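Note sheet for the following structure.
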Amino acid sequence: MALAKLLKWFQNRNIRKKIEKEIRALAPEVFNDYLYRVDILDNGNLILSWANEGFLKFCGIGIDDLSNPWPAADPRYFHPDDQDLIKQRVRSLLAGNARADEYRAYGPDGQIRWIRDHAHPIWDPVKKRVSQIYGSFQDLTPLRKSEIVLQDQLSYTNILLDSTEEWVIRVNQAGKLQYVNSSGRSEVRRQFGIELLPDTKILSLISETHKEIFQAQLNKAFSGAKVKWHFSKLFPVQPNSELEVSFAPLSKEGAINEVVIFLKDVTLRTVWETALLASEEKYRKLVEVSPDAIGLHADGKVIYINETGLKMLGYETLEEVEGRPIVEFIHPESRQVVAERVLKAMLKSEPLEPKEEKFIRKDGSEISVEVSGIAFEQRGQKLMQVIVRDITERKKAEHELSELRKKILQTNDRLQAIIEGVKDSICAVDMDLRVISCNTAFELMVWKVYGKRITVGQKIWDIGIEDPEERDRIIRNWSRALTGEVFKTERKISGLVKDSIVLEINYSSIRDESHNMIGATQIIRDVTDRYQYEETLRKSLDEKEVMLKEIHHRVKNNLQVVSSLLSLQTDFTDDPKLVSILKECERRIQSMALVHKELYQNDTIADADFTEYLNNLLVALVQSFGANKRVGYSIESQDIRLNLDFAIPLALVFNELVSNSLKYAFPGNQNGEIFISISKMEDGLSISIGDNGVGLPKTVDVRNSEGLGLQLVGMLLDKLKAKWGLETVEIGTRYKIELPIPK
């Protein structure tokens, strides 16, 4: 920057060139900055024409490289995020404005460097443009890296402070809050309802009873001492808290201007310490009421035995046994074992595992006990604490259990005899699919089907099934049973003895008394005879179904014949009223015929596809009234199937209501639309049927109509126990029907 200003003073080119030559020679020794000069060519390109030695080393180029044009503003040298700044900088310099900018450039090693660049343009009065730019820059990379490291350290420190459970507060010499970590802000607000806001005086938050001692500790910290104090109810609020407060001076540039205060909530710890003081007394009481005998001895002599232990040994007071050798209470058969165990515990300070021993009671009788213990040191003396449990009753129970096992074995033998006596094949496996039990019927069945022999101890796949598909099927079914699934399957297979047999196989799991899975069982029953009987029944039912379909077909044909006869009769009748009646009868008969047609065309004759039926009915009605070009229709319906008891009455209802719409809703060849909507409810169907025609006169009462059609609708719907009536609409007519259908 200084060089650029200096050169501006000299306008004479000869003097300037001379001075430039001198400065160029002195620049490496005089300046620490990186100096450069850029020439602006007539085409506007910026070419580096001169630089000091430091600049050349920084850019990784030699003095010889400047003999060739070296583009100074090549975007490849600058960080992508600073490209816009470089373009703006070049435009400003070419306009004659001096610039000082910071940006990032790539060094010769490819690493990013931070640069502060001062540049001054030289205006050429002859060319009336900037002809040269002189500049210098400093490498700020170490400074920026240090700033980043410092920022990271500050961030890390803040993270540590915010992560700690202690409440951290920083105050200045005026006692005002400068910083509070997140734990301090949230916990003080939660527990005491106090907001720790910046510049709040810390003493204004302290209870009156503690302000003096708190100020004294704070003054000690500002004098350079680290102090700690325990406060009960530091803040003047209801909760009773115990806080441990540490004061630490914070030195900066040799002076203590701030103090950091660490607050730790030790309420729980104080409670535990208080509880610990009473724990010995509680422990003694617990020992006294323990159902097991608890004793303490040292150097082979009794120090203490609780009340349970005294009763177990037949004594009444502690004085009777205190100070006596422990060997006096041990049966001769157990003395050697006890001596070894006590020595091991004393030397290694390891707990003694429970072990059966025999003790001697005061009256000389022996008692079976289970003894565990641990050695510990107190005030330089080795002590041994033992817990003794009377197992006399347990030994008696074990004897009874042994007798019970014998009975179970006998019962198992009887059960095995029962299993052998049944005709079903029974097999049980463990979790590894190893056979743990099977009856003779199962072994015989395996031989009949696979020609193999299987016995207890073998795995299921050891029967040597050669067909991989059959092998995988068997293992898959057993694996399902071993996951706890209970299921039944039927299989038709060809065996070696019989050409074809049908097996009903039941799988279930086996669990122990804790409900843990330990295996699975399979019961196989030969149902070939039943299967053949069911097959015969199935064929018979198929024949009957075909016969019923034929009956429906014949009924439909007969109804069609009746309809045709009525149609022929209209040709011989001149009375329009009679023709209309015959046509109505013909349409009603056709609506019933369509139901029978739908039944015999279905896969099953139990019910009819009512949605398909409605499509056929509306097509027939619209055509019969000659309105197929001016009246459209739409049906919105789910998949609905109805049996004959509902299908025929409902078909007649639709026939009457749609016919009324076609006759009266669109007078004078008026265009319109008929719509039907059917949806399923929890207990039946919801039906909406209507049109967008002229609508019914207000005087018409559909439930007390004199017309045969609406009377027929009312009788049919009442028989079906349906709720029905007119809905209020702006255009046309709409009927709402709620039809209950028993499940």
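Source: prediction; values computed, not measured.
Between Phe359 and Phe329, the ring center distance fails the sub-6.0 Å criterion.
With sequence neighbours left out, Tyr735 forms a ring pair (Phe, Tyr, Trp, His ring centres under 6.0 Å) with no residue at all. Applying the side chain to side chain contact (heavy atoms under 4.5 Å, CB included) test to Pro354 and every residue at least two apart in sequence or in another chain returns Glu370, Ser372. Under the side-chain hydrogen bond (donor to acceptor under 3.5 Å, both in side chains) criterion, Glu398 pairs with no residue, sequence neighbours left out. With sequence neighbours left out, Asp430 forms a salt bridge (charged side-chain N to carboxylate O under 4.0 Å, His left out) with no residue at all. For Phe376, there are no ring pair (Phe, Tyr, Trp, His ring centres under 6.0 Å) partners, not counting sequence neighbours. Taking Glu333 as the reference, Lys358 meet the side-chain hydrogen bond (donor to acceptor under 3.5 Å, both in side chains) condition, with sequence neighbours excluded. A search for salt bridge (charged side-chain N to carboxylate O under 4.0 Å, His left out) contacts involving Arg734 returns nothing, not counting sequence neighbours. Checked against ring pair (Phe, Tyr, Trp, His ring centres under 6.0 Å), Trp724 has no partners two or more places apart in sequence or in another chain. For Arg335, there are no salt bridge (charged side-chain N to carboxylate O under 4.0 Å, His left out) partners two or more places apart in sequence or in a different chain. Every residue two or more places apart in sequence or in another chain that forms a side-chain hydrogen bond (donor to acceptor under 3.5 Å, both in side chains) with Glu485 is listed here: Arg480. Every residue two or more places apart in sequence or in another chain that forms a side-chain hydrogen bond (donor to acceptor under 3.5 Å, both in side chains) with Arg190 is listed here: Glu187.
Residue Glu727 qualifies as enclosed at atom CD: its count of foreign heavy atoms under 6.0 Å is above 12.
Asp512 and Ser514 form no side-chain donor-acceptor contact under 3.5 Å, judged by distance and modelled atom types alone.
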Distance-only donor-acceptor hits, side chain of residues 336-343, under 3.5 Å, sequence neighbours excluded:
residue : atom : partner : partner atom : Å
Gln336  : NE2  : Glu340  : OE2          : 3.0
Arg341  : NE   : Glu357  : OE2          : 3.3
Arg341  : NH1  : Glu353  : O            : 3.1
Arg341  : NH2  : Glu353  : O            : 3.2
Arg341  : NH2  : Val371  : O            : 2.9

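The side-chain hydrogen bond (donor to acceptor under 3.5 Å, both in side chains) with Lys736 is formed by just one residue from the set Ser677, Ser686, Ser688; it is Ser686.
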